[in-house]
Amino acid sequence: MSAFISSRGGHALSTGSLGVISACVPLFVFLIIPAHAETAHRAQLLSNTASTPNPSAKEAVSARKDSAPKTAESGKVEHIIVTAIRKSSEHSPDTTNLFRHSLGFSSYSAGGVSALPVLNGMADDRVATIVDGMRIDAACPNHMNPALSYVDPDSVSTAVAIAGITPVSIGGDSIGGTIQVERRDPIFSSNGKLLVTGHVRGDYRSNGGGSGASGSLTVANDMFSLRYTGSYAHASNYRAGGSGRQVRSTSYLTFNHAITAGFRKDNHLASITFGQQDIPYEGFPNQWMDMTNNRSTYVNGKYKGEFDWGTLDARAWWQRVDHVMNMMNDKGGHTATTGMPMNTDARSVGYSLKATIPLGPSHTLKLGSEFDHNGLNDWWPALPGSMMMGPNTLHNINNGHRDRLGHFVEWDARWLPRLSTQLGFRNDLVMMNTGDVSPYSWTGMMSMADAAAARAFNAEKHGRTDTNFDVTALVRWKPLDSLSIEGGYARKTRSPNMYERYAWGRGGMTSSMIGWFGDGNGYVGNLHLSPEVANTASVTVTWHDPTDDAWEVKVQPYYTYTHNYINVMRIGSFSDGRQKLQFVNHNAQSYGINASGRRRLWKSEAYGTGELRANVNWVRGQDLVNHSGLYQQMPTNGSISLHETWHNWSGRVEVTLVKRKSTVDWVRAEPHTPGYALLGLGGSYRWRNFLLDASIENIFNQKYYLPLGGLGIGDYKATGLPLGPVAGMGRSFNVSLTASF
């Protein structure tokens with residue numbers, strides 16, 4: 001349910017469907033405010049136009065605040081006073097970094113802007129990632145272009161990560177949780193005058209010589225709004241902690257452009273966005289290949305309206321992705337006759353309809369329908385003069401498609417002032433198919449394994465239809481003003497992606513080109529995979545100061561049993577010790593505890609406000625067939641930080657702690673990594689229309705390895721040394737300056 005909550009400063013605050021508070025507070029660049037809730041973690045990132053202190057910007061009215069529909073529950077819940085604390089700006093161009101302090105969140109390290117999100121040990125496609133309402137599938141056999149890589153962090157308005165008990169209204173065809181990222185809604189003037197507002201930002205990172213720039217310009221009156229946003233980010237290879245050696249294949253260059261037109265009248269808001277992203281190159285230290293071009297073009301339309309019967313949220317989108325892989329210089333480079341060209345062409349189109357219908361003062365019904373089509377062609381052109389990669393084009397996925405049609409119903413009920421429930425049911429029909437495939441050669445000696453595999457694949461029926469059902473049951477109880485408890489059960493289902501089902505090559509080279517795990521192994525698909533079915537039980541206990549919000553403790557244990565978990569089995573090995581693996585269904589379990597706490601240490605006019613924050617995450621996953629650990633589970637980790645705000649100044653001192661990675665997946669020969677501790681320092685100062693932010697990360701230049709970074713294939717190809725974990729970034733001095741108008 002949704003509610004409107006007022007804060008001390010008179011700014012708008014709203015609770016999410018699970019009670020998590022997101023703050024629309026000027027002056028706060030990045031803000032996480034946990035509420036008396038449970039499994040959702042929401043970060044509200046304010047646009048620089050919203051935080052502009054000059055008079056013209058103050059006339060701007062957020063469509064989210066004034067035009068977004070309100071439910072019948074508005075004004076009928078307890079008012080909560082929230083004291084927000086400003087957090088330093090994030091310097092990473094990767095949008096996944098916005099979630100790094102969320103409970104249960106981690107990420108597979110990949111390219112500089114393409115990390116894969118992990119929630120409670122579930123990664124990538126197991127997490128439903130939705131950008132501006134669009135469910136975007138990776139268009140690459142290595143998943144180099146995940147959904148979050150298409151959005152620049154500076155353009156994000158809200159970023160929500162929900163692990164565990166995910167409402168059916170925002171999570172279908174997934175078992176690990178949901179990530180929702182929304183760009184800023186159009187803004188309008190409040191008095192009928194012409195509004196011209198925007199911002200410009202530049203940043204620099206010493207390690208790797210990273211630089212970036214972004215900006216926006218809005219021209220609007222009280223009915224029409226037109227906005228342009230653009231961004232650029234670049235970095236060379238970064239240097240590892242301790243040794244200072246270069247970590248190869250970590251450079252990147254990316255551009256984003258978008259134009260949004262908005263129309264608002266009474267309780268109705270419509271907008272359409274045209275955008276394009278270009279990544280001319282991006283290195284991947286844990287992959288055999290690099291991304292040598294990626295262009296995404298999209299159109300996204302939104303409508304939000306309030307009617308007598310309730311509210312309607314409608315969205316429709318189209319996206320085209322042209323993706324090219326080859327080897328950058330760190331891996332030997334490529335020319336017209338060297339390297340290994342791999343091309344992907346993807347088309348996505350879809351819609352989403354959600355209606356919220358009040359059934360009375362204490363009951364709300366949500367109904368929804370969603371459809372998304374993902375068409376994919378994946379082909380590897382012949383390399384002139386190569387006996388291995390020719391003389392024909394290899395067709396890896398030939399006119400493949402994955403269509404999903406989903407419907408849901410969700411009932412929110414408040415039975416008592418301190419007791420509420422949520423019950424949801426969802427059905428997703430997933431339809432997949434692909435055409436016949438072909439190897440580089442049907443007769444050549446070096447293509448014998450692939451030719452036999454292609455014949456076997458073409459002889460089988462490729463079409464598959466999965467009928468999936470999800471159920472969510474959630475109870476929220478607040479026995480005391482200082483104590484809230486939320487718990488429930490969820491049954492979630494996910495169908496295989498196209499590469500898990502349709503990657504057919506069994507040759508050493510072709511199978512090594514498949515896989516988004518960064519482990520150097522080769523992967524083969526399986527036409528006979530069944531959908532994963534996860535049963536999750538979770539409870540969140542929140543104990544907090546009911547009067548002054550001076551402290552809070554949150555503990556969240558969970559358990560998941562997954563039937564038909566898509567894991568792997570060994571079907572061969574390579575001479576260098578790597579494994580050839582095929583996707584198979586096994587049963588698996590995962591369990592863990594997330595916890596966080598905060599305590600205000602002082603608050604005065606003379607010394608400002610100081611707060612101590614801490615969090616810890618522990619997860620353990622196990623394959624119940626081969627009794628190995630599940631792959632790339634983050635070891636026990638957490639952080640302790642001290643934050644200080646005083647007038648226009650803010651600062652932080654943070655220690656990140658990660659335990660030794662000792663539980664690994666022996667089937668994939670996953671490496672162990674040692675534990676480490678990193679110290680970071682940062683601060684910001686706001687003066688008139690300017691915000692200056694600076695930080696030093698890994699102050700002591702600590703040597704460490706990324707537990708979810710996979711193997712350093714870029715370094716291996718350049719030096720010939722044995723494969724080892726990817727080294728983490730050494731000391732970096734970061735600075736950014738934002739000017740608003």
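Any value given below was found using the heavy atoms of this structure, including those in side chains, with hydrogens, waters and symmetry copies removed. One is the number of the first residue; the rest follow in order along the sequence.
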Whether F457 and H462 hold their rings parallel, tilted or perpendicular, with breakpoints at 30° and 60°: parallel

Step-by-step salt bridge (Lys or Arg N to Asp or Glu O under 4.0 Å) determination, E670 to K661: CA-CA 10 Å; E670 182 181 10; K661 185 174 177 63; 3.3 Å; yes

Derivation of the salt bridge (Lys or Arg N to Asp or Glu O under 4.0 Å) call for R295 and D322: CA-CA 5 Å; R295 171 169 289 187; D322 295 308; over 6 Å; no

Donor + acceptor pair across side chains of K580, S573 (<3.5 Å): no

Aromatic centroids of Y523 and F517 separated by under 6.0 Å: yes

I566 CD1 to L529 CG distance, which is reported to the nearest 0.5 Å: 5.0 Å

Heavy atoms of other groups near R347 CZ, more than 12 under 6.0 Å: yes

Mutual orientation of the aromatic rings belonging to W516 and F583 [parallel < 30°, tilted 30-60°, perpendicular > 60°]: parallel

W504 side chain near D450 side chain, heavy-atom distance below 4.5 Å: yes

Beyond-backbone contact of N343 with P381, side-chain heavy atoms, under 4.5 angstrom: yes

Test item: side-chain donor near acceptor, S296 and Q276, under 3.5 Å: no

Y108 versus H143, side-chain donor and acceptor atoms under 3.5 Å: no

Derivation of the side-chain hydrogen bond (donor to acceptor under 3.5 Å, both in side chains) call for D466 and N468: CA-CA 6 Å; D466 302 323; N468 302 332; 5.2 Å; no

Any side-chain heavy-atom pair of M509 and M389 under 4.5 Å: yes

side-chain hydrogen bond (donor to acceptor under 3.5 Å, both in side chains) between D278 and N294, intermediate numbers included: CA-CA 6 Å; D278 280 295; N294 192 87; over 6 Å; no

Any donor-acceptor pair under 3.5 Å from D152 side chain to D154 backbone: yes

D436 atom CG, over 12 foreign heavy atoms within 6.0 Å: yes

Evaluation steps, side chain to side chain contact (heavy atoms under 4.5 Å, CB included), between Q579 and V667: CA-CA 8 Å; Q579 307 301 317; V667 177; over 6 Å; no

Polar contact flag, side-chain donor to acceptor under 3.5 angstrom, T158-E182: no

Flag side-chain contact, heavy atom, 4.5 Å: H401 against L376: no

K302 and D132 ion-paired at < 4.0 Å: yes

Intermediate values then yes/no, side chain to side chain contact (heavy atoms under 4.5 Å, CB included), V324 and M342: CA-CA 6 Å; V324 179; M342 299 172 65; over 6 Å; no

Spatial distance of atom CE (M388) from atom OG (S441) [nearest 0.5 Å]: 12.5 Å

Between OG on residue S736 and CZ on residue R205, distance to nearest 0.5 Å: 10.0 Å

Pair W288, D290: side-chain N/O donor-acceptor within cut-off below 3.5 Å: no

Test side-chain hydrogen bond (donor to acceptor under 3.5 Å, both in side chains) applied to N377 and N399, step by step: CA-CA 5 Å; N377 274 302; N399 288 323; 3.2 Å; yes

Pairing of R494 and E500 as salt bridge, 4.0 angstrom limit: yes

Side-chain donor-acceptor contact under 3.5 Å, Y232 with S211: yes

Validation row: Y631, D519 side chains within 4.5 angstrom (heavy atoms): yes

Lys/Arg cation over aromatic Y565: R126, 6.0 Å, 45° cone: yes

Heavy-atom donor-acceptor pair, S447 side chain to G444 backbone, under 3.5 Å: no

Pairwise distance OG(S511) to CZ(R578) - rounded to 0.5 angstrom: 7.5 Å

Short side-chain donor-acceptor distance under 3.5 Å, S92 and D94: no

Side-chain heavy atoms of W317 within contact of V349, under 4.5 Å: no

Interatomic distance, H199 atom NE2 to S216 atom OG [nearest 0.5 angstrom]: 4.5 Å

Heavy-atom side-chain proximity of Y440 to M446 below 4.5 angstrom: no

Short side-chain to backbone donor-acceptor contact, N392 and A382, under 3.5 Å: no

Value rounded to 0.5 Å, distance of OG1 in T260 from CZ in R184: 9.0 Å

Where N567 and D665 come nearest, the two heavy atoms and their spacing: OD1-OD2, 4.2 Å

Polar side chain donor-acceptor pair, Y502 to N396, under 3.5 angstrom: no

N398 and T434: CA distance, side-chain angles, deciding distance, side-chain hydrogen bond (donor to acceptor under 3.5 Å, both in side chains) verdict: CA-CA 6 Å; N398 183 24; T434 188; over 6 Å; no

Close side-chain approach of T129 to L148, heavy-atom, < 4.5 Å: yes

N585 side chain vs S530 backbone, donor-acceptor pair below 3.5 Å: yes

Any donor-acceptor N/O pair, T335 side chain to T338 backbone, under 3.5 Å: yes

